[in-house]
Structure formats: structure tokens, C-alpha cells
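Values reported hereafter were calculated over all heavy atoms of this structure, with side chains retained and with hydrogens, waters and symmetry mates removed. Both ligands and their constituent atoms are indexed starting at 1 by order of listing. This chain uses plain numbering: 1 for the first residue, then up along the sequence.
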Amino acid sequence: MESNRREFLKSSSLITGGALLSSLPFSSYGYHNSADDVIKVALIGCGGRGTGAAAQALSTTQNVKLVAMADAFSDRVADAYTALTKRKYKNGAGADIDVAAKIDVPKDRMFVGFDAYKQAIALADVVILATPPGFRPMHFEEAVRQNKHIFMEKPVATDGPGIRRVLAAAEEAKKKKLNVVVGLQRHYQRNYREAINRIHEGKIGDIVGGSVYWVSGGVWNNPRKPGQTEMEYQMRNWYYFNWLCGDHITEQHVHNIDVANWVKQGYPTEARGTSGRQVRTGKEFGEIFDHHIVDFTYADGTLINSQCRHYEGTYSRVDEQFLGTNGRIDSFNGNKTILKSYKGGKVIYAHEGKGDINPYQVEHDELFAAIAKGEYKFADAENGAKSTLTSIMGRMATYSGKVIKWEDALNSQINLFPDRLAWDALPKLLPESDGFYPVAVPGKTITV
Ligand SMILES: NC(=O)c1ccc[n+]([C@@H]2O[C@H](COP(=O)([O-])OP(=O)(O)OC[C@H]3O[C@@H](n4cnc5c(N)ncnc54)[C@H](O)[C@@H]3O)[C@@H](O)[C@H]2O)c1
């Protein structure tokens, strides 16, 4: 283990330059030097998922401490701090874990505002990036620049320019041997790993078709409050604005689209589709649509159908199915998965999933174990960016009504991000005089 740590230091120093090494924050925190050293974590984006991810990082068996928290809003930092210090948490084995004892975040290490991330990142060895995805490219770039290991939530961007920034930073992270885990947690879920390994071994032949779904009732909405600037309103109600969220085809359905890419071991060459706002039409729902139906075509001609919608009072389905030349997988169905051959319906693989460790915990267990051993094991950012781009390409196709090619989505110059970040700055999309936001009109809207 010691020699692993030394190798890790050596390879990091080769990349970043020996002169720089002594000023590297992870070097000065020294967790490579002894097994007892604390691994310091900073949380950027103290909402629901960030709070959960921090608790999971602190529930690993490594000596982990949360040392800094950052959010655009002070109330979100306060709420996350209260949750982490008061709630009861269990680790992957189901045992109670004293998360509160691992929180060391005095007031002067709670940072608020648009620049808060920089200060928090500087204090940590590992950063958790869990803001709305529009900020991910900027935060990921900074974390890589500061030589940190990273857990970042999906999606990793909301437009083509953001994806290109993440891909460039992902390359840097590889050169620096920084571990990067992306919260596409099916990659850390036992049934997905085992079933997809068997698919890749050819157990059901070549995959020639499939369908992926996130159809459900929808998510939260934060109403406009008196005195809010437009920037604050959009930030508080981020789900409904594409510069922040990317629409639900990106924010949620990226999980299932990513499974299709994983199964196919590649990314689609083009997308075409249909979408609209059928039931969620109020001004409080910003600009996003409530359904998208997309055909993704892969290089070998395989067509994967994707469906996502948010209609209250309808059935829900969140999973994936695939057809091979010799067999099929009807559903990943949560943890329960069955691969069957067509001939006599022979079961090739069946997994019930009882007792499997929650994949949200596995992500952190594996990441922190690698970091503690000085191992470079995780480079999820490139796939995270390409699967996010697949979902963005789907949105580009449905908003425009055109066939969108991979290269055109990747090279899109349409930048959704505001020109300036400040509470009095204006986002690019503004409400019209009746309070409604302009929405895409297929056939007219240009998306690449
Ligand atoms: N892997 C999963 O299954 C899963 C589940 C839920 C959410 N997520 C992802 O996690 C991310 C966060 O989602 P959430 O549900 O926690 O949302 P949330 O609104 O609860 O939390 C987001 C937090 O980020 C803060 N924030 C916004 N802009 C910021 C900035 N520039 N700097 C610092 N903080 C900023 C917000 O104020 C908020 O507290 C999203 O990308 C979402 O898609 C993933």
C-alpha cells in the first residue's frame, strides 16, 4: 500500500511538476502519507443530492471528514448542515453511522454565492459537485485545475459548449490521474454490472434494438416569491430552465440513455424525435417540455427508442429493455434482472437484488477506497459527458423537429449560460409581458 501511495505521488508529480507538488492541496493535507490521514471533502451544492452524497462519502470505511460547504444560497448550506449533523444515517452494510462526528465545518468554511465553489474546493482533497448541472462544467474545470479527486453528479452539462468544457477537463483529469466518479449510479449497481458484462460477452448475441424509459409524474416546483430577482427565481426554480437543468430528458432520463450507450458500447450517430408541453403548461414551468420521444440511431443501425414524460396521475416506468439476436432483457426492473434466450426462454442470468448495497453508497465506497490506497481507478467524466450529450442531442432533435447528428450536437455553438453571474444579472431567457417564457417551436426553433 505504501508503495502504491508513493507511485501515486510520483505520477502526480510527473504530471503537475515537482516544483508544484509541495503547493498541491492534497499534498499538504497529506492523505497519501499514512493510512490514518484524513481525506478532506468539500460539498459544492448543498441540496438534496449533495447532502445525500456527502453522507455517503462520510459513511465509507475511510477516515473522511467534511471540511467545507458551498452553495449559492446561505439557507441551503444551513439546511444541509442541520441534516448532516442531526439525521440518522446507515452505511452500506446497514449499520448506524455517526456522520455528525465527521463534520468539521465551522462558519468560516461555509461559503455562499456564485464564487463560493472556488474557496471550498481549495480546502479539500475530494470534492462533491452537486449543483444544478448548468454549473458543472465551470465547477469541474476548477476542481481539476486545483488537482482534486471528484465525485460529480449527472448530468454534467446542459449544452454543447458545456460538454466540450467537460471533455477537455476530463482529459486533464486523466493526465493528472485524478479519480473522477460521475453519479450515473447504475454503473455501480450490481445487477446492471453483471447483466451488461454478460451482454458484452455475447450471451444474448448482438444488441439490435431497445427501449429506455423515464415516464413518471414529474418533480417539485418552487413558486416565484416577492422581491426575487429573475436570476434568483430561476436559480430557485432551476428544474424549468434549460441553462440550469437541460430539460428532464437530460436531468433524469440521462440515466436510461446512458444505459443504452453502455450496452451498445458507443454513442448514437443521430437522433430524431417529438416532444411538447401537453399538461404542464403554466408559467411556473418555465421553458421545459413535459414529454420527449426520441429514436437514437447507432453506427451499426441499431435503433434505441427513448421515452420520457412528466404527467401526474399516469403510470410510471423507469428502466431499460434490449433485444439481442439470440435473447433479450425485458427490464432491469430495479434490482431484479433476467436475461433470457429466445430458444425455449432459457434463463441466462437472473438476479433478485435482495441485500445488494445501494449503488449511491457503492460509488463512494469504491471511490474513497481507491483514493485511500493511492490508486487511480475512476475516469467517468468522458462517458458522463458523452451520455449527457446524447440526452442533449435528443432535446435538440425534439425542440427543432430536425434530425440531429452527433457531431453537430457536440459542436453546437448555442451557449445557454448567462453572460454574467450576479443576482442582478439577467439570464438569457426572460419571461414575456404575460409572465410566460418563450418555448421551443419544432420546425422553427434552431438548436445547433
Ligand atoms: N444520481 C441521481 O440519482 C441523482 C438524484 C438526484 C439529483 N441528482 C443530480 O444532483 C444535482 C443536484 O440535484 P438536487 O436534487 O440536489 O437539487 P437541489 O436543488 O436540491 O440542490 C442543488 C443545490 O445547488 C445549489 N446551487 C445552485 N447553483 C449553485 C452554484 N453556482 N454554486 C453553488 N451552489 C449552487 C442550490 O442552491 C441547491 O442548494 C443535479 O444535477 C441532479 O440531476 C442526481
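Below 3.5 Å of separation, one finds no N or O of Gly113 facing any N or O of ligand 1.
Atom 7 (C) of ligand 1 has Arg49 CB, 3.6 Å as its closest protein atom, hydrogens excluded (heavy atom only). At the shortest separation from atom 41 (O) of ligand 1 among protein heavy atoms lies Arg136 NH2, 2.7 Å. Among all non-hydrogen protein atoms, the one lying nearest atom 19 (O) of ligand 1 is Trp238 NE1, 2.8 Å. Of all protein heavy atoms, the one closest to atom 11 (C) of ligand 1 is Thr131 O, 3.5 Å. Here the heavy atom of the protein found nearest to atom 34 (N) of ligand 1 is Ala72 N, 3.1 Å. What sits closest to atom 21 (O) of ligand 1 on the protein, heavy atoms only, is Gly47 CA, 3.2 Å.
By the 30° and 60° cut-offs, the orientation of the rings of Tyr311 relative to His291 is perpendicular.
A distance of 6.0 Å or more separates the ring centres of Trp406 and Tyr298. Between Phe285 and Tyr239, the gap from one ring centroid to the other reaches at least 6.0 Å.
Partners of Asp115 under the side-chain contact (heavy atoms from CB on, under 4.5 Å) rule, at least two apart in sequence or in another chain, are Tyr117, Lys118. Take Arg109 and apply the side-chain hydrogen bond (donor to acceptor under 3.5 Å, both in side chains) test, not counting sequence neighbours, and it matches no residue.
Contact analysis leaves Tyr117 out of contact with ligand 1, as no non-hydrogen atom separation drops below 4.0 angstrom.
Summarising the contacts of atom 22 (C) of ligand 1 with Gly52, Gly50, Ala130, the nearest heavy atom is found in Ala130.
A donor-acceptor contact shorter than 3.5 Å is absent between the side chain of Asp290 and the backbone of His310.
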